[in-house]
Amino acid sequence: MTILRLTRFGLDAGRVDEMLATRAVLIDAVRAKVPGLTETRLARVDDETWLDLWTWESAEALAAAVAVAPTMPEAGAAFALIRDATEERLDLVDQR
């Protein structure tokens, strides 16, 4: 079953370009290390609040990525920029 991981986070308004570049590097690194990441989407709620949605082929693929993330310098660099991150994992029921 397809799994969505939604991360809501805060970001200082002056760091958007840095976050976008760091996020792109992280996505490439995750895809190189762990199979199963099918899509990512990033949305801005307001000047300092963002939603980052990553779509995974399965719960197992997401679990493998979560397990390896602490060892990835790209993850550390990306998470160092953000604040107040919360996460939700969702089973995708329908997509049209």
Side-chain angles (χ1 to χ4, degrees):
M1 175 176 275
T2 299
I3 302 295
L4 307 175
R5 181 176 180 181
L6 175 66
T7 304
R8 175 184 286 265
F9 63 90
L11 177 74
D12 294 335
R15 301 191 88 176
V16 172
D17 290 340
E18 184 180 6
M19 179 271 294
L20 291 173
T22 304
R23 179 181 177 272
V25 169
L26 174 60
I27 291 167
D28 289 343
V30 168
R31 284 191 167 131
K33 211 170 243 260
V34 181
L37 177 61
T38 60
E39 181 181 40
T40 66
R41 291 179 183 234
L42 180 66
R44 181 176 19 221
V45 176
D46 57 40
D47 286 345
E48 294 189 0
T49 308
W50 296 77
L51 300 174
D52 200 0
L53 180 67
W54 292 31
T55 305
W56 294 89
E57 290 177 353
S58 66
E60 294 79 17
L62 173 55
V66 169
V68 74
T71 68
M72 298 178 65
E74 300 89 351
F79 282 100
L81 296 175
I82 66 173
R83 58 182 157 68
D84 304 324
T86 62
E87 173 210 334
E88 292 184 52
R89 296 179 191 196
L90 313 130
D91 293 333
L92 182 61
V93 175
D94 185 38
Q95 182 176 0
R96 297 173 197 241

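- Contacts of Arg31 classified as salt bridge (Lys or Arg N to Asp or Glu O under 4.0 Å), with partners at least two apart in sequence or in another chain: none.
- Applying the side-chain hydrogen bond (donor to acceptor under 3.5 Å, both in side chains) rule to Trp50 yields no partners; only residues at least two apart in sequence or on another chain are considered.
- By the side-chain contact (heavy atoms from CB on, under 4.5 Å) test, Ala64 is found to be paired with Val34, residues two or more places apart in sequence or in another chain being considered.
- Remark: Asp17 pairs with no residue by the side-chain hydrogen bond (donor to acceptor under 3.5 Å, both in side chains) rule, at least two apart or across chains.
- For Thr49, the side-chain hydrogen bond (donor to acceptor under 3.5 Å, both in side chains) partners two or more places apart in sequence, or in a different chain, are Asp46.
- The side-chain contact (heavy atoms from CB on, under 4.5 Å) search around Val66 returns Arg5, Leu62, Arg89, not counting sequence neighbours.
- Taking the salt bridge (Lys or Arg N to Asp or Glu O under 4.0 Å) definition, one finds that Glu18 meets it with Arg15, sequence neighbours left out.
- Annotation: salt bridge (Lys or Arg N to Asp or Glu O under 4.0 Å) contacts of Arg83 (sequence neighbours excluded): Asp12, Glu48.
- By the side-chain contact (heavy atoms from CB on, under 4.5 Å) test, Leu90 pairs with Leu4, Leu6, Glu88, sequence neighbours left out.
- Under the rule for a side-chain hydrogen bond (donor to acceptor under 3.5 Å, both in side chains), Thr7 has no partner lying at least two apart in sequence or in another chain.
- In terms of the salt bridge (Lys or Arg N to Asp or Glu O under 4.0 Å) criterion, residue partners of Arg41 (sequence neighbours excluded) are, by chain and number, Glu39.
- Hydrophobic cluster membership of Val93, counting Ile, Leu, Val, Met, Phe, Trp and Tyr whose side-chain heavy atoms lie under 4.5 Å apart directly or via other members: none, as it forms a cluster of its own.
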